[in-house]
Structure formats: C-alpha cells, structure tokens
Amino acid sequence: MPKVVVRFALFAVGLLGAVATSPAWAAPRDKLNVLFLIADDLNCDLHCYGHRQVQSPNIDALAARGLRFEHAYCQFPLCSPSRSSFLTGRRPNETKIHTNPRAGRLSTDYTGSPHFREFIPDTVTLPELFRKNGYTVARVGKLYHYGVPGQIGTSGLDDLPSWELVVNPAGRDKAEEHKIFTFTPRSYGGTLSWLAAEGTDLEQTDGLGATAAISLLEEYRDQPFFLAMGFYRPHTPYVAPASYFEEYPTDKIKLPQLSADDEKRTPAPAYASSKKEQETMTDAQRREAMQAYWASITFMDAQVGRVVEALDRLGLAENTVIVMTSDHGYHMYEHGLWQKMSLFENSAHVPLIIAAPGDHARGETTAALAELVDLYPTLADLCGLEAPDYLDGVSLKPVLQDPAKSVKDAAFTQVRRGGFDGYSIRTAKWRYTLWDDGKKGEQLFDMQADPQETKNLASDPAHADTVNELRDRIRTYAQQGV
Ligand SMILES: [Ca+2]
C-alpha cells in the first residue's frame, strides 16, 4: 500500500499527493521520459484538425513538432471503458468495463464498482510498466475514471498500483458550481452545463493541475519520469474564464445540418445516446453550448501550452516523448446529438499527436489508422521497455518513423445499449456499424464520399459484399478480438 503524505502544500486548493515506497532514482539518465497529456471529452474541434473557428495554438504547436494522426479512434466512447482499455492496453471485452461506475462514488476502494482489477487482477497497466522499469510515475488529475465534476479533488476510481505520486487538483470551477447554468438543477456532469467564469486560468482545476505538473517536471527533471496530466475540460460543465467565451461570439456559430435519417432517427440505437433535455433545446441554447465547449477547449489548450513550455524551459524536450489525446470524441449537435456514446465518427474519432525525439516524424500528418489501445505498445516500444505479450494494440513506431506506413487496416469502437451491444468498424474508406448483431439495424457510410455520414448505404445491393465482409469482421472482433 502506498504511503500517503501531503505534498504541494504551496497550492491552497485541494491538492493531495501520495508517495509510494520505491523511489526510482537509480535508473540511468539515457531513458526517454514520457509526458502523457489527455483531455476529457475532447473531440477533433481543433485548428490543427481543420476546424475553422476553434483556436488551439498550443496543441497545434505540438502537432508542428510531432506526428498528427488524422484517423485515431477510441475503443469505447465513454470515460471508464475507454480509459480502462488504453491504460491496460486491452480492449473493452477483455477489461469487461462497459459502463461508468455508479454516480457519486468516491473510490480508492473499488469493491462493488466495476474496475478492471476485478476481471484482470494481474494486468500491468501502462504507467505500472514504467514504474517496474525504474521510472518516477506521477498522475495529475483525471487518468482513470472520475465522475466530473462530482469527484474533482478526489482520486476518483483510481488504480493504486499505477502511480507513485498523485495530485488531485480542485479549483474555483468546483467551488463555485452554484453559478453554473445547467438544464438539470444541481447537476453539472451528465447534463449540458456551462459558465463563463470570473477569475484567472490559474484558479481553475486545470490551471492548478498544469501548475502541479510544472512543479513535478521541475522536481523530477533529473530522473526518468512518466508524467500523466489529465485535464478535466472540455468535459461538462464547460467552465472557462470569460475571456475564452468572447473568442466565440454566438452569432458566428453555425449549427450542423441534419440528414433525413437524423431527422427520422433511424436506426434507433444509433441515436439512443440522446437525452430528453437535449430534445427541447432552442437554437440559441445550442449555440451557447457550442460557444462554451469551444471556450473550454481553448482554455484547456492554454494549460497544455504552460506544461509544454516548462518542459522546453527545463531542457527536457529532446529526451521526452509527448502524447496529446482524448478519451473519446464528442458531438456538438452533429446528427442532432450531443456528448458521447454514439458510434458515429464524431464520437469515436479522437485527436492524437505524438511528438517523439530522435528520428521520428515532426510536423507531419498521417492517414494511418490508429486506436487508443495502441498507445501502450507504442510508448513501451519508443522507450525500449518490454511490453506484456497479451496487449491488444500494436506499436505505432513504424508510422512515427514513416508517416506513409500503416500498422492496421481497421479501428474498432463499441458501445453498450442496455441489453445489447453496438460495434463499429472504421477502415480508410468505410464506417460500418452493427446493432445487436444486426437485429436492431446496421449502417454503412462511405467516409471518403460522405464524411458527414448523411447516407446509410447498408441496404444498398451495390454494397452487399462490403457489408458482408465488414459484418464478419465485427462478429470476429466481438467474439475473440481482432
Ligand atoms: Ca470522457
């Protein structure tokens, strides 16, 4: 059991650290460090991903010094299933995590709440592998599941063997929840909610988290480290200092167009993530939600910039692999949907940038398909660590060395809809989705000709062979993995 001590006393607001028993100072200096940056509920509404309005200068700068994956996908568009998957390097049917924990649970004791250790107790997580190899391994903020914002300031549903140090920031956004606009009184998480906040970046939870991450970089700069910085934004509530809202005037925000299927909501499971309160939103409220989400992205991006600037200032850039990603995609009213838990492209698609020192891509973009489950073998490979042989992903290092290469021909994403599952396969050309093994519908979209997924081709005889092939691949995946 880790010895718990209070650290970072200089931060006034809710920072707690835990230090485990085995310091790692003896490891040789020539190892590559890892700075793992992850935002919560961040889709690809970023300038470097081609968005015309959203400003993301710091993530853009990371893309300019690394490789931007144009086609990276989560394995499950929900916090705990996705994070359990990529942090263990195993797909959701292996971790058995298909839902979030019960709301409101404060947990370092995960008995009775779905946690991958119940099903794969001896698994070695990605950060745990680095611990076993002599790295100082620290978490700031949200890496495993947290109920946001309810569990901000706690360790959430953590995994104790993964970390040597933990920091749980809690800022003004948490302390002043009563100021937040919400569709569901006294609820700020699952519902759409937002606030143009008073005060500075540094008072917000992610501002405090970035400050803590900078302190950890300063403290551990002389030894191999794996620093995981999990931002809470742009997850609801969309809270950011008011100046960020001013960058996105609502009269400049255009709403997505809905297709005929979107209007009819067919097949039904494809749209079942919609919540009742979202059905009666006015167009003005839709624009306000988009403004607030984008403001939260740009605020979070600024905190990314602070951490990366510190890495550069400390002379660590040439010895550190930087990853920037998100746990899943997110809808901003495309298909008439909000948030996550659909199998449309916006929900499955994640930003992924890897900036690796040495002979790796810089400032390039790759069309190679990537899955979040590939992060574990990729980081182990880049850092020369021996990964467990059971991992479900593959190393993306060949793509980092040559962005024209690819390591897989498909990416898989799944959801659970009460009593049945939906699976989606994305290839370079197609997205095919199978609901309840076909009993509740199927969808086929030509992502090259129809990237907005407006025309479901699944019942078109001209595409029967494609449907049969992709359906077989999903059935194989559902039963035994790839
Ligand atoms: Ca999330």
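Along the sequence shown, residues carry numbers from 1. What you see below is based on every heavy atom in this structure, not just the backbone, and it leaves out hydrogens, waters and symmetry mates. For ligands, and for the atoms within them, numbers begin at 1 and follow the listed sequence.
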Name of the residue among D173, D206, D41 meeting salt bridge (Lys or Arg N to Asp or Glu O under 4.0 Å) with R233:
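Of all the options given, the one that passes is D173.
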
Do you know which N/O/S atom name in [X] is closest to the Ca ion (ligand 1)?
X    : result
D40  : OD1
D327 : OD2
D41  : OD1
H328 : NE2

Intermediate values then yes/no, ring-ring contact (aromatic ring centres under 6.0 Å, His included), H349 and Y73:
CA-CA 5 Å; H349 190 204; Y73 297 93; 5.3 Å; yes

Do S347 side-chain atoms and S342 backbone N/O form a donor-acceptor pair below 3.5 Å?
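Here the side-chain-to-backbone pair exists.
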
Determine whether the side chains of T454 and S259 contain a donor N or O and an acceptor N or O closer than 3.5 Å.
no

Side chains of Y248 and T298 only: does a donor on one sit below 3.5 Å from an acceptor on the other?
yes

At a threshold of 3.0 Å, where the distance has to be below it, does the Ca ion (ligand 1) have an N, O or S atom of H235 nearby?
no

